Enquirer: 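The structure that follows is given in the form of structure tokens.
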Amino acid sequence: DQQVKQNSPSLSVQEGRISILNCDYTNSMFDYFLWYKKYPAEGPTFLISISSIKDKNEDGRFTVFLNKSAKHLSLHIVPSQPGDSAVYFCAARDPGTYKYIFGTGTRLKVLA
Amino acid sequence: DGGITQSPKYLFRKEGQNVTLSCEQNLNHDAMYWYRQDPGQGLRLIYYSQIVNDFQKGDIAEGYSVSREKKESFPLTVTSAQKNPTAFYLCASSKGRRDNQPQHFGDGTRLSIL
């Protein structure tokens, strides 16, 4: 059973507009959440993270929102740029094992 | 520059052969991880190590083995018992199990069957 889900396999957004990527999780004990960006044939690059004690974290164009009651995580990219086109993975940490559990990814395409 | 180095970038395995994927980090991280990525899927954890000379099985450890004799190194052996080894393998490290610090990833090794 998948504990971290990204239900949208792909998303297309116009340059300059907002990109919203979503992630749902099932385990309310997860204590740390991360977003990674990945290009083909490369390793994921860390983007932004949030602790379970917060509901928002911002870094430049990237903002992560955490809704613990809904077990929902989202990444907002504003404004979107063509260079943002990549696959985005969300991940959650299990504090019991310190394992990181990844979603299946969302492919973002930013159209110029 | 500090980082994680995986080698080789591409690797081919013959039937019945064991192959070893290298992962080295100079970030002074305590924890290291091996993941497998298949097309259209997320990263699945094979093995992880929180400290030298200790490691634990992840979700898909069958057919794989690891060692952690040095802090900097966490090699993964894909044994002949792994019947479907074709995948993209990623190594990662993080500062420590209790730190809210992200994992850092290498650039991966693509393994294919001849």
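Computed from a predicted model, the values in this text were never measured in an experiment. In what follows, every chain begins at residue 1, and chains take the letters A, B, ... in the order their sequences are listed.
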Enquirer: With a 4.5 Å limit on heavy-atom distance, are the side chains of A:Leu34 and B:Gln103 in contact?
Expert: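 Side chain of A:Leu34 against side chain of B:Gln103, heavy atoms only: no contact under 4.5 Å found.
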
Enquirer: Go through it in stages, so that I can follow the logic: the residues are A:Lys99 and B:Asp59, the test is side chain to side chain contact (heavy atoms under 4.5 Å, CB included), and I'd like the CA-CA distance, side-chain angles, deciding distance and then a yes or no.
Expert: CA-CA 10 Å; A:Lys99 286 161 61 172; B:Asp59 302 316; 3.1 Å; yes

Enquirer: Same cluster or not: are A:Ile50 and A:Phe62 linked, directly or through other Ile, Leu, Val, Met, Phe, Trp or Tyr residues, by side-chain heavy atoms under 4.5 angstrom apart?
Expert: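 Yes, it is one cluster - the side chains of A:Ile50 and A:Phe62 are joined through contacts under 4.5 Å.
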
Enquirer: Looking at the rings of A:Phe46 and B:Phe105, which for Trp means the six-membered one, are their centres under 6.0 Å apart?
Expert: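 Here the rings of B:Phe105 and A:Phe46 have centres that are no less than 6.0 Å from each other.
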
Enquirer: With a 4.5 angstrom heavy-atom cut-off, is it the side chain or the backbone of B:Leu45 that approaches chain A, or both, or neither?
Expert: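 Looking at B:Leu45, just its side chain touches chain A.
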
Enquirer: Using the rule that two of Ile, Leu, Val, Met, Phe, Trp, Tyr join whenever any of their side-chain heavy atoms come within less than 4.5 Å, decide whether A:Ile48 and A:Phe102 are in one cluster.
Expert: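 In one cluster with A:Ile48: A:Phe102, no.
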
Enquirer: State, to 0.1 Å, how close B:Phe88 and A:Lys38 come at their nearest heavy-atom pair, and which atoms those are.
Expert: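 Heavy atoms only, the tightest pair is CE2-NZ, 3.8 Å.
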
Enquirer: Answer with side chain, backbone, both or neither: which region of A:Tyr36 has an atom nearer than 4.5 Å to a non-hydrogen atom of chain B?
Expert: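 A:Tyr36 touches chain B through side-chain heavy atoms alone.
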
Enquirer: Treat each ILVMFWY residue as a node, draw an edge where side-chain heavy atoms are under 4.5 Å apart, and state whether A:Phe89 and A:Val110 are in one component.
Expert: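 In one cluster: no.
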
Enquirer: Less than 4.5 Å to any heavy atom of chain A: does that hold for the side chain of B:Gln6, its backbone, both, or neither?
Expert: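 Answer is neither: B:Gln6 stays 4.5 Å or more from chain A.
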
Enquirer: Between A:Gly43 and B:Leu90, which heavy-atom pair has the shortest distance, and what is it?
Expert: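 So the two residues come closest at CA-CD2, 3.6 Å.
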
Enquirer: Search all heavy atoms of B:Gln50 against all heavy atoms of A:Tyr98 and return the closest pair with its distance.
Expert: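 It is NE2-CB, 3.7 Å.
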
Enquirer: Answer with yes or no whether the hydrophobic clustering places A:Tyr88 together with A:Val64; edges join I, L, V, M, F, W, Y residues whose side-chain heavy atoms lie under 4.5 Å apart.
Expert: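 A:Tyr88 clusters together with A:Val64.
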
Enquirer: Residues of residues 74-86 of chain B under 4.5 Å from chain A (heavy atom pairs)?
Expert: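 Listed by number, there are no contacting residues, so the answer is none.
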
Enquirer: For the atom pair OG1 (A:Thr104) and CZ (B:Arg44), what is the distance rounded to the nearest 0.5 Å?
Expert: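 Going from OG1 on A:Thr104 over to CZ on B:Arg44, the span is 12.0 Å.
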
Enquirer: Please evaluate residues A:Tyr100 and B:Tyr48 with respect to the criterion side chain to side chain contact (heavy atoms under 4.5 Å, CB included), reporting the C-alpha separation (whole Å), side-chain torsions for both, the decisive distance (0.1 Å), and the verdict.
Expert: CA-CA 10 Å; A:Tyr100 291 78; B:Tyr48 63 111; over 6 Å; no

Enquirer: For atom CD1 of B:Ile51, decide whether the heavy atoms of other residues, nucleotides or ligands shown that lie under 6.0 angstrom number more than 12.
Expert: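 No.
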
Enquirer: Atom NZ of residue position B:Lys9 - does it have more than 12 heavy atoms of other residues, nucleotides or ligands inside 6.0 Å?
Expert: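 Check passes, neighbour count above 12.
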
Enquirer: Can you tell me if NZ on A:Lys68 sees more than 12 non-hydrogen neighbours from other groups inside 6.0 Å?
Expert: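 Check passes, neighbour count above 12.
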
Enquirer: Taking every non-hydrogen pair under 4.5 Å, which of A:Pro9, A:Gly103, A:Ala91, A:Pro44 racks up the most with chain B?
Expert: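 Highest number of pairs under 4.5 Å: A:Pro44.
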
Enquirer: Chain B heavy atoms under 4.5 Å from A:Ala41: which part of the residue, side chain, backbone, both or neither?
Expert: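 Contact with chain B: backbone only.
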
Enquirer: With a 4.5 Å cut-off on side-chain heavy-atom distances among I, L, V, M, F, W and Y, is there a chain of contacts connecting A:Leu21 to A:Phe30?
Expert: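 As far as the 4.5 Å side-chain criterion goes, A:Phe30 and A:Leu21 are connected within one cluster.
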
Enquirer: Please say whether more than 12 non-hydrogen atoms of neighbouring residues, nucleotides or ligands are located less than 6.0 Å from CZ in A:Arg61.
Expert: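 Counting other residues, nucleotides and ligands, CZ of A:Arg61 exceeds 12 neighbours.
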
